[in-house]
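Only one structure is covered here, and it is reproduced in the block below.
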Amino acid sequence: MARQVRAVGLVLGFAVLAACDNPFPPGAMVLGTFGGNNAGLMADDTSAHVHIGCTYGDIHEPIVLDLSSRFDLPGEQNVTAYPVGPGVLHPARFTGSIDGRTMTLTVTLTDTAVTLGPVSMTFEKQPNMGPCPICFGNRARARMVRLTLR
């Protein structure tokens with residue numbers, strides 16, 4: 001009997017430790033910076049800013065995970081940001097999921113057939129954005145600093 005109690009205790013202990021490594025359990029609000037290769041997302045309690053390659057977009061509400069740790073939110077994405085200039089903000093759907101510290105994200109423009117991703121990003125990792133001159137410019141850098149200082 002004591003052996004069974006110890007086994008159950010060990011299993012529960014490992015489950016608690018595994019949960020500690022998951023900053024975003026089902027139902028959680030997503031806050032902070034996620035980074036990957038040519039991808040980044042910065043989220044606060046009111047919105048999120050996304051870069052995939054040399055594009056950028058915004059979600060104008062908080063990202064809140066459903067009970068399966070997924071999200072599907074409307075927003076807008078500019079896929080002609082460089083070298084064209086300001087480009088056009090297209091209506092878009094931002095869909096994804098979080099598993100532990102890893103976010104998978106896909107952006108689908110709803111007025112064209114363009115899809116960006118899926119991309120994989122890691123929580124609290126700085127985005128590695130490559131040579132695009134618009135990525136993480138002054139606005140995005142200022143927002144990233146604000147999020148980091150919280």
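Computed from heavy atoms alone, side chains included, the values below leave out hydrogens, waters and symmetry copies.
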For Phe34 and Phe24, take the angle between the two ring planes, folded into 0 to 90°, and tell me which bin it lands in: parallel under 30, tilted 30 to 60, perpendicular over 60. tilted
Apply the side chain to side chain donor-acceptor pair (under 3.5 Å) test between Arg93 and each candidate in Thr108, Asp72, Thr110, Thr106; give the one that qualifies. Asp72
If every non-hydrogen atom of Val107 is compared with every non-hydrogen atom of Ile52, which pair is closest and at what distance? CG2-CD1, 3.7 Å
Contact check, side chains of Pro127 and Thr33, non-hydrogen atoms, under 4.5 Å: yes
Taking the side chain as C-beta and beyond, is there a heavy-atom pair between Ser69 and Ser97 under 4.5 Å? no
Note, Leu105 side chain near Phe71 side chain (heavy atom, < 4.5 Å): yes
Please evaluate residues Leu41 and Ile63 with respect to the criterion side chain to side chain contact (heavy atoms under 4.5 Å, CB included), reporting the C-alpha separation (whole Å), side-chain torsions for both, the decisive distance (0.1 Å), and the verdict. CA-CA 11 Å; Leu41 180 139; Ile63 299 174; 4.2 Å; yes
Are Thr102 and Ser120 close enough that some pair of their side-chain heavy atoms sits under 4.5 Å apart? yes
Does a side-chain heavy-atom distance below 4.5 Å link Glu61 with Ile59? yes
So which heavy atom on Pro62 is nearest to which on Met29, and how close? CB-CE, 4.0 Å
Shortest non-hydrogen contact from Met129 to Ala39? SD-N, 3.5 Å
Side chain to side chain contact (heavy atoms under 4.5 Å, CB included) between Val30 and Met103: does it pass, once the steps are laid out? CA-CA 10 Å; Val30 176; Met103 175 187 288; 4.1 Å; yes
